[in-house]
Enquirer: 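I'd like to ask some things about the structure below.
Each chain gets a letter, A, B and so on, in the order the sequences are listed, and its residues count up from 1.
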Amino acid sequence: MSNLSVRGAPKSPPASRTGTELPPQYRPQEIEAPLYRRWLEAGLFTARRPRGVAADKPGYVVMMPPPNVTAVLHMGHGLNNAVQDALIRFERMRGKETLWLPGTDHAGIATQNVVERLIAKEGKTRFDLGRAAFVERVWAHVRETGSVILDQLKAIGSSCDWSRTYFTMDEGLSRAVRECFVQLHEKGLIYRGHYIINWCPRCLTALSNEEAEKEETDGRLWYFRYPLVEGSGAVTVATTRPETMLGDTAVAVHPDDDRYKGLVGRKVRLPLTEREVPIVADDAIDPAFGTGAVKVTPAHDPLDFEIAQRHQLQVIDIFTPEAKLAETVPLRFQGMDRFEARKRVAAEIESLGLLEKTENHRHAVGHCYRCDTVVEPRLSDQWFVKMAPLARPALAAYRTGRLRFIPERRGEEYANWMENIRDWCISRQLWWGHRIPVWYCDAPGCGKQTVSRTDLTRCPGCGGTVRQDEDVLDTWFSSWLVPFSSLGWPDRTADLAAFYPGDTLVTAPEILFFWVARMVMAGQQFMGDVPFTTVYLHGTVRDTQHRKMSKSLGNGIDPLDVVERYGADALRYTIIAGMGVGTDLILDPDDLETSFAPGRNFANKLWNAARFILSNLDGPTRPLAGRGPNVVRRQELGLADRWIIARCDATVAEVTEAYAKFRLSDAASAIYHFVWSDLADWYLEQIKPRLYGDQAGGDVARAVVARVFEVALQLLHPIMPFI
RNA sequence: GGGCGAAUAGCUCAGCUGGUUCAGAGCGCCUGCCUUACACGCAGGAAGUCGGGGGUUCGAAUCCCUCUUCGCCCACCA
């Protein structure tokens, strides 16, 4: 907004406002929606002249983090979009061609869960409907409710380019997903493997490492004695999961551990199963933990699985997909829930006199990020993306400064993740999502596996019938492409040429790895450049006890409630003024009045200042700058006039810098103080005698106040666009 | 276990490169005011050993060390 200046040439003669009357009461409800409609009708948010086409106009592109298609607006969205809108409006006012691209995410697990709950009310499961009917049901739900969240974003004033709105399951974006899969496969970066993955026994699907959220939990460490098969004595192992001992196929010790030197190669008899399992030596064992001897359950622990591979151990899967005990365990345990089995196994071991002791033990346990169920490590066939080759350029982008983070420290988290990257499990045992584009030939003797951009009905090898992989892709496998798939990729569209790479990504730190980091990797891989150059990570909305606002805690605030009561401007001002760079926003769900007082009071103040000013602009108003006989000459300005003009210019500079540095709360408070303390409390009071006609200079005061107030409103526009 | 932040008025937080906008803002609180824009307001006011301790410096909320307390991210010690 560097082109704003009090003495700069006025865009429109203030005289045009002469005689305007505002209603005495500030009623945002009556102003905001009609104004928003006018903006839309005028097409003000539609990016028209892409970069390259009109090279004289620099661009500014922001990709909205697409909300889940079933989502309803919460304060997190409110904060996220208030920030984006402030940035996009600021750059738009600075004269850039802006694109703020909105969309929705099909949100595989989340949406499938929602619809499953819906049909559960009819007493049905997805299996009752069958795959095709269930997917159709989800589509129906999406068609019906999918635009709710976007309409809600409009209510808070978001100036998105709605003409380019996308959905991650649109035809075009689905094509992008296929193209991406095929290309990565061709480069050897996608593979199918038999590994231990994180499994949610409630959602019945694999999860990525990021989707299994570690939570520190108070647990227990049980010490079990496994008797030696030959001779007397026993080996004591320590475990946090007694139930898995039913799937043990070995005991492992460190090769240099003198305590067990003579035992390696011998066997123990596994209690409860009477299975004889070997004692093996493996470097992965930490002699310092527990007894230094570890029970090995290859099917249910990643480390144990690796040990099993090194020693060719038997692998026994003891769980069903629901994490109940399977037929591979003694009959009395079969069908038992894993936590019930934990108690039973421990109790039986104890009754056999084989429980040496137990200890309290705090450790991290994975939980499903969608339903919070304790994740079960499970051995299965899944598709993976080899991540190290993708991470290298993404890390380089950060190291070279091409990509930066606000606040800066988040960059180190990003780098740390990139440096320790692990392969990405992308297959999900769900029905809602992009189906994996792989077809298997059933013909005897062929068995060919084909990865294809187009649907197949016949095997390209033998012409036999094929069946498509049953699984769908991780939701984030479409999200990570959004910065270019939403612009038309893989086609070379004008939008893609014009708007890639974008500029700023505004999001919550929770999805730094899920989404942000992967977008950078995909951008580098498929477009040869980062998708954005600045990542602004804002804080979280919390209640007065600093708990994250959530539906389950019932401590949320409905932003639309706030809009209804105090207006979108008040909501937005409160959010932005209350939020430091990268810090959390604390609001009291039980006291909206107090929580939103800053915004509400300020909006009301502005309204009344405007009323006062407009009601006094009844005479012909003179321009402050420019040419002509009417222009206010410098000598005509009084001390107060010169002071408020100086303050206004200083505020313009301060606010412009604050916006440009993403210090939105600084911008908000600078405008607040200018309007309230300088303009309202001092200047407006000072000019009253002049305006009321009993002193000279009323026309000069009118000229000054009209211009100064106009500038203040312009400065405020990114934050409070309606007023 | 590794990495990183934060601690300033009752509450939420500014304070960016050590020094006259350095002890600030909003809310809350106290005292007056329905002064013809606004009581969602106006004029005033009280309120902080800047988490504790040590250091560097002419000078520290700000830099260093240390302790305490909260928080975040990462992690295959079962």
Side-chain angles (χ1 to χ4, degrees), chain A residues 22 24-26 196 198 209-210 213-214 216 219 221-223 237-242 244-245 248 251-252 254 284-297 300-307 361-364 366 377 407-417 419-420 422 509-510 512-513 537 539-540 542 544 546 566 570 573-574 577-588 591 593-616 657-658 661 663 665-666 668-670 672-673 676-677 680-681 684-685 688 691-692:
Chain A
L22 289 179
Q25 281 285 318
Y26 170 55
I196 298 262
N198 298 291
N209 295 322
E210 288 71 26
E213 295 180 336
K214 290 295 176 70
E216 282 280 322
L221 198 55
W222 283 263
Y223 287 77
V237 296
T239 181
T240 55
R241 302 199 53 195
T244 62
M245 65 86 65
D248 284 1
V251 167
H254 191 91
I285 304 303
D286 176 6
F289 187 87
T291 61
V294 180
K295 61 189 268 314
V296 180
T297 320
H300 303 293
D301 182 279
L303 181 64
D304 291 4
F305 179 70
E306 285 172 25
I307 293 173
H361 182 65
R362 204 168 161 74
H363 62 142
E408 276 180 32
R409 65 192 153 83
R410 296 289 181 180
E412 288 308 308
E413 283 176 21
Y414 169 91
N416 188 48
W417 186 78
E419 282 163 356
N420 299 293
R422 287 186 289 164
E510 293 100 87
L512 178 56
F513 307 131
L537 294 162
T540 306
R542 298 180 183 279
T544 47
H546 294 201
Y566 311 119
Y573 180 85
T574 302
M579 182 201 63
V581 175
T583 65
D584 291 341
L585 175 67
I586 312 292
L587 295 169
D588 185 354
D591 191 356
E593 174 95 11
T594 301
S595 291
F596 294 94
R600 182 201 57 172
N601 294 354
F602 189 40
N604 188 253
K605 186 73 180 178
L606 285 159
W607 181 262
N608 283 292
R611 272 202 320 131
F612 171 78
I613 291 166
L614 290 177
S615 71
N616 284 291
E657 190 191 351
K661 287 183 169 173
R663 302 183 66 94
S665 63
D666 285 358
S669 75
Y672 183 98
H673 285 112
W676 204 307
S677 310
D681 289 348
L684 293 186
E685 294 305 322
K688 275 178 182 173
L691 293 178
Y692 295 152

Enquirer: How far, in whole Å, is B/rC72 from B/rC29 if one measures between their P atoms?
Expert: 32 Å
Enquirer: Using modelled atom types only, decide if a donor and an acceptor are shared between the side chain of A/Ser595 and the backbone of A/Asp588 within a distance under 3.5 Å.
Expert: yes
Enquirer: State, with a plain yes or no, whether a side-chain heavy atom of A/Asn616 is found less than 4.5 Å away from one of A/Phe612.
Expert: yes
Enquirer: Check whether any side-chain heavy atom of A/Asn601 lies under 4.5 Å from a side-chain heavy atom of A/Trp676, and answer yes or no.
Expert: yes
Enquirer: Does atom CD (A/Glu216) have a neighbourhood of more than 12 heavy atoms from anything else shown, all under 6.0 Å?
Expert: yes
Enquirer: To the nearest angstrom, how far is A/Asn601 atom CG from B/rC40 atom C1'?
Expert: 4 Å
Enquirer: Check every strand shown and say whether A/Ala680 touches a base, only sugar-phosphate, or nothing at a heavy-atom separation below 4.0 Å.
Expert: base
Enquirer: How long is the line joining CD of A/Glu412 and P of B/rG3, in whole Å?
Expert: 13 Å
Enquirer: Atom CZ of A/Phe602 to atom C1' of B/rG41: distance rounded to whole Å?
Expert: 15 Å
Enquirer: Can you name the nearest heavy-atom pair linking A/Ile196 to A/His300, along with the distance?
Expert: CD1-N, 3.9 Å
Enquirer: What's the gap between B/rC16 and B/rU21 when it is taken at their P atoms, as a whole Å value?
Expert: 13 Å
Enquirer: Which nucleotide, B/rC27, B/rC42, B/rG15, lies nearest any side-chain atom of A/Tyr672?
Expert: B/rC27
Enquirer: For atom P, what is the distance between B/rG26 and B/rC63, given to the nearest Å?
Expert: 26 Å
Enquirer: Can you tell me the distance, in whole Å, between the CG atom of A/Leu585 and the C1' atom of B/rA14?
Expert: 15 Å
Enquirer: To the nearest Å, give me how far apart CZ (A/Arg611) and P (B/rA37) are.
Expert: 8 Å
Enquirer: Measure the distance from CD1 on A/Ile586 to C1' on B/rG10 and round it to the nearest whole Å.
Expert: 16 Å
Enquirer: Under 4.0 Å between a side-chain N or O of A/Trp676 and OP1 or OP2 of B/rC42?
Expert: yes
Enquirer: Do A/Glu412 and A/Trp417 have a side chain donor and acceptor closer than 3.5 Å?
Expert: no
Enquirer: Under 4.0 angstrom, heavy atoms only, what part of the nucleic acid is A/Trp222 near: base, sugar-phosphate, or nothing?
Expert: nothing
Enquirer: If I take atom CZ in residue A/Phe596 and atom P in nucleotide B/rG26, what distance separates them, rounded to the nearest angstrom?
Expert: 19 Å
Enquirer: Do A/Glu593 and A/Arg600 sit within salt-bridge range, that is, some charged N less than 4.0 Å from a carboxylate O?
Expert: yes
Enquirer: Could you tell me whether the side chain of A/Glu685 has a donor or acceptor atom within less than 3.5 Å of a complementary atom in the base of B/rA37?
Expert: yes
Enquirer: Is the shortest distance from a Lys or Arg side-chain nitrogen in A/Arg410 or A/Glu413 to a carboxylate oxygen in the other one below 4.0 Å?
Expert: yes
Enquirer: For B/rU66, decide between syn and anti, treating a glycosidic angle within 90° of 0 as syn.
Expert: anti
Enquirer: Taking a pair as Watson-Crick (N1 to N3 plus N6-O4 or O6-N4) or G-U wobble (N1-O2 and O6-N3), both under 3.5 Å, which stems of 3 or more consecutive pairs involve RNA chain B?
Expert: B:1-7 with B:68-74, B:10-13 with B:24-27, B:29-33 with B:41-45, B:51-55 with B:63-67
Enquirer: Minimum heavy-atom separation for A/Ile586 to A/Thr544, with atom names?
Expert: CG2-CA, 3.9 Å
Enquirer: Select from A/Thr583 and A/His673 the residue whose nearest nucleotide in RNA chain B is closer to the 5' end of that strand.
Expert: A/Thr583
Enquirer: As a test of reading the structure: which of B/rC27, B/rC38, B/rA14 is closest to the side chain of A/Asn608, going by heavy atoms?
Expert: B/rC38
Enquirer: Return a single string for nucleotides 68-78 of chain B, one symbol per nucleotide in 5' to 3' order, where B is base contact, S is sugar-phosphate-only contact and - is none, cutoff 4.0 angstrom on heavy atoms.
Expert: ----SSSBBBB
Enquirer: Does B/rA39 have OP1 or OP2 under 4.0 Å away from a side-chain N or O of A/Arg600?
Expert: no
Enquirer: Find the distance A/Leu684:CG to B/rU35:P and express it as a whole number of Å.
Expert: 18 Å
Enquirer: Answer yes or no for A/Lys605 and A/Tyr26: cation-pi contact, defined as NZ/CZ to six-membered ring centre under 6.0 Å and angle to ring axis within 45°.
Expert: no
Enquirer: Which is true for A/Asp588 with a 4.0 Å heavy-atom rule: it touches a base, it touches only sugar-phosphate, or it touches nothing?
Expert: nothing
